[in-house]
Amino acid sequence: MDGEAVRNYVGQSQTLLEASPQMDEENTKVKLIQPFVDLLGWNFYSTEVQLEYTVQMGTQSSKVDYALMVGDTPVVFIEAKPARSDLTESNVRQLQSYMRQELSVDWGVLTNGKDFEILSVTGDDSQDGETSIATFDLDEMAENPDILEILTKDAIQSGRADDIARQLTQTSRAIRRLSNREESIAGRLAEVLRDELGEIPLDFEEQSLDYVHDLQHALRERREFIGESTTDDGDTSGDDISEDDPDTGEVNIEPTDNTVAGTIGRTDIEGDEDAQVAVFPTRESGLTFLSENNAWGFVRVGRDFDYVAMYVTQNAREVQYFAKVRDVVVPEDAELTREPTAYVDRSKIADNKMVVRFEADSLYQLEDPIPYETKYPQSLRYTTLGEFRTAETTDDIL
């Protein structure tokens, strides 16, 4: 996907939504969803896009808001809802019922212009039915433009979308299975280790459960990259880091300075309950950038925020750091301790990536870090200071 085009679309949509938060369905279609269809490479002013497509439902008929066509055959249904309303399970079931009537339709999109849900009947198992394979909002779309690759005209016509859907389905199924049966899987793994190694001074059950958690985390991280260009062996062609991670994933740089002011309890953080907190993910080696620069860097930001919180991946799996924002500047004006290329490849420092600088002596390590439960920030996410103070797990802020 053209990242710049996606971010322009997101910016335009957010501006329209801020001006008209109670936008009705017709305006949502014209101002938000029609440009979305164009963004995916489908020509709205041609026979590729049909409006109010008729679907026969038994003895009655219903109409889908948009049908994307290859020749005379519908391949994608898009069901629109007004921006002023939330997407519901009932809306999902409605779209699933429409898809079920047209055997050629393998893809469905449910959207209100703010939130998006992709359904697919293309997996590695015909019993999957019309499965939800991805959900995201405008901020997440801007952070990871490649998430739209699965719906592009080229991907669907070439069959590449089927491969992406299959990988998403397999990965999501594995994550669900590990999550639902983690104790029994860890128990069986512990038995195998005990049989192979005998009794040694190690808690096999605890180690096995940690391994299952790490595997879930690795699968979630892998799922984030599905949809990007891949090589023949299935590896992503990009670097082994996320778009917004100033850590190279390979080089562990020792910090020259430590700007962490100390520790703080979340209830002792001063500020308005509604103040915005941006939550960024980082690997443990990315903490060098944080501590020696009193800043976080090479990120895209979609809106203003007052504070930054850092979720540390790998062994930590918790929100560990918090800081108050001073300003957001281009890397050249950030006065970093090292050259930007010391932290990340030059290709990762795009024109629209910024450095978030913190107020002096405002970067703290949390005395009560927020532990991972089932959700973690794969990219920039937002919460409020009130929610941050009272959160018991990451599920409460994401």
Side-chain angles (χ1 to χ4, degrees), residues 89 92 117-120 123-125 127-129 131-136 140 144 147 164-227 234-236 240-242 245 249 266 279-286 309-320 366 368-379 381 383 387-388 390-398:
E89 284 300 316
V92 174
E117 183 158 359
I118 301 176
L119 306 183
S120 173
D124 63 347
D125 187 333
Q127 295 180 349
D128 281 333
T131 304
S132 176
I133 61 171
T135 58
F136 51 91
E140 290 165 324
N144 183 16
I147 201 169
I164 296 171
R166 190 172 297 109
Q167 293 178 56
L168 284 169
T169 301
Q170 292 169 341
T171 305
S172 296
R173 183 186 293 115
I175 292 169
R176 286 196 303 271
R177 188 174 181 84
L178 286 170
S179 179
N180 293 335
R181 305 182 62 184
E182 61 180 31
E183 290 188 3
S184 65
I185 293 172
R188 293 201 301 275
L189 178 58
E191 290 177 9
V192 171
L193 292 173
R194 190 173 287 106
D195 290 342
E196 292 291 329
L197 303 178
E199 291 299 330
I200 61 175
L202 186 69
D203 189 330
F204 286 122
E205 282 72 18
E206 181 180 349
Q207 294 297 319
S208 297
L209 190 58
D210 284 346
Y211 173 77
V212 172
H213 289 160
D214 288 343
L215 185 56
Q216 291 180 55
H217 182 76
L219 286 167
R220 288 189 174 95
E221 287 194 327
R222 178 64 180 171
R223 184 171 58 183
E224 179 182 356
F225 291 104
I226 294 175
D235 291 334
T236 58
D240 186 33
I241 60 174
S242 68
D245 195 343
R266 284 183 281 128
V279 184
F280 292 99
T282 178
R283 293 180 176 89
E284 291 173 331
S285 51
M310 301 302 304
Y311 175 88
V312 184
T313 64
Q314 295 174 298
N315 293 327
R317 298 203 305 269
E318 59 187 15
V319 179
Q320 291 189 341
L366 295 174
D368 47 352
I370 303 175
Y372 162 82
E373 186 178 359
T374 65
K375 299 178 181 178
Y376 78 100
Q378 298 181 20
S379 58
R381 301 294 296 272
T383 186
E387 291 174 339
F388 187 85
T390 60
E392 294 184 0
T393 71
T394 53
D395 287 22
D396 298 322
I397 61 172
L398 299 176

Practice prompt. Determine, stepwise, if the pair His213 / Leu209 fulfils side chain to side chain contact (heavy atoms under 4.5 Å, CB included).
Written response: CA-CA 6 Å; His213 289 160; Leu209 190 58; 3.8 Å; yes
Worksheet item: What do the steps show when you test Ile397 against Val319 for side chain to side chain contact (heavy atoms under 4.5 Å, CB included), and what is the final call?
Response: CA-CA 10 Å; Ile397 61 172; Val319 179; 4.2 Å; yes
Worksheet item: Heavy-atom distance under 4.5 Å between the side chains of Ile133 and Leu119, does that happen here?
Response: no
Worksheet entry | Donor-acceptor under 3.5 Å (Asp396 side chain, Thr390 main chain) | no
Fill in: side chain to side chain contact (heavy atoms under 4.5 Å, CB included) between Ser132 and Val92, worked out
CA-CA 9 Å; Ser132 176; Val92 174; 5.7 Å; no
Item to complete: Measure the spacing between CG of Asp368 and CD of Glu392 and express it to the nearest 0.5 Å.
Response: 11.5 Å
Discussion item. Please give me the minimum heavy-atom distance between Ser208 and Ala186, naming the atom from each residue.
Written reply: CB-O, 3.3 Å
Worksheet item: Just by modelled atom types, is the Phe388 backbone N or O under 3.5 Å from a matching donor or acceptor in the Arg266 side chain?
Response: yes
Practice prompt. Quick one: do Leu197 and Phe204 satisfy side chain to side chain contact (heavy atoms under 4.5 Å, CB included)? Show the steps, please.
Written response: CA-CA 10 Å; Leu197 303 178; Phe204 286 122; 4.0 Å; yes
Fill in: Interatomic spacing from CG in Asp210 to CG in Leu215 - rounded to 0.5 Å
12.5 Å
Discussion item. Can you confirm whether Gln320 sits close enough to Met310 that some side-chain heavy atom of one is under 4.5 Å from a side-chain heavy atom of the other?
Written reply: no
Discussion item. For Arg177, I'd like to know if atom CZ has over 12 heavy atoms of other residues, nucleotides or ligands within 6.0 Å.
Written reply: no
Fill in: Any Ile370 side-chain heavy atom under 4.5 Å of Tyr311 side chain
no
Practice prompt. Might you confirm whether atom CD of Glu183 has over 12 heavy atoms from other residues, nucleotides or ligands at distances under 6.0 Å?
Written response: no
Worksheet entry | Rounded distance (nearest 0.5 Å) linking atom CG of Leu189 with atom CD of Glu182 | 13.0 Å
Item to complete: Could you tell me whether the side chain of Glu140 reaches within less than 4.5 Å of the side chain of Ile147, counting heavy atoms only?
Response: no
Practice prompt. Write down the atom of Gly286, the atom of Thr282, and the distance for their closest heavy-atom approach.
Written response: CA-OG1, 3.4 Å
Fill in: Point-to-point distance, once rounded to the nearest 0.5 Å, from CD of Glu205 to CZ of Arg194
4.5 Å
Fill in: Flag, side chain of Thr394 to backbone of Glu373, donor-acceptor distance under 3.5 Å
yes
Practice prompt. Supply the atom-to-atom distance Leu178 CG to Asp214 CG, rounded to the nearest 0.5 angstrom.
Written response: 11.5 Å
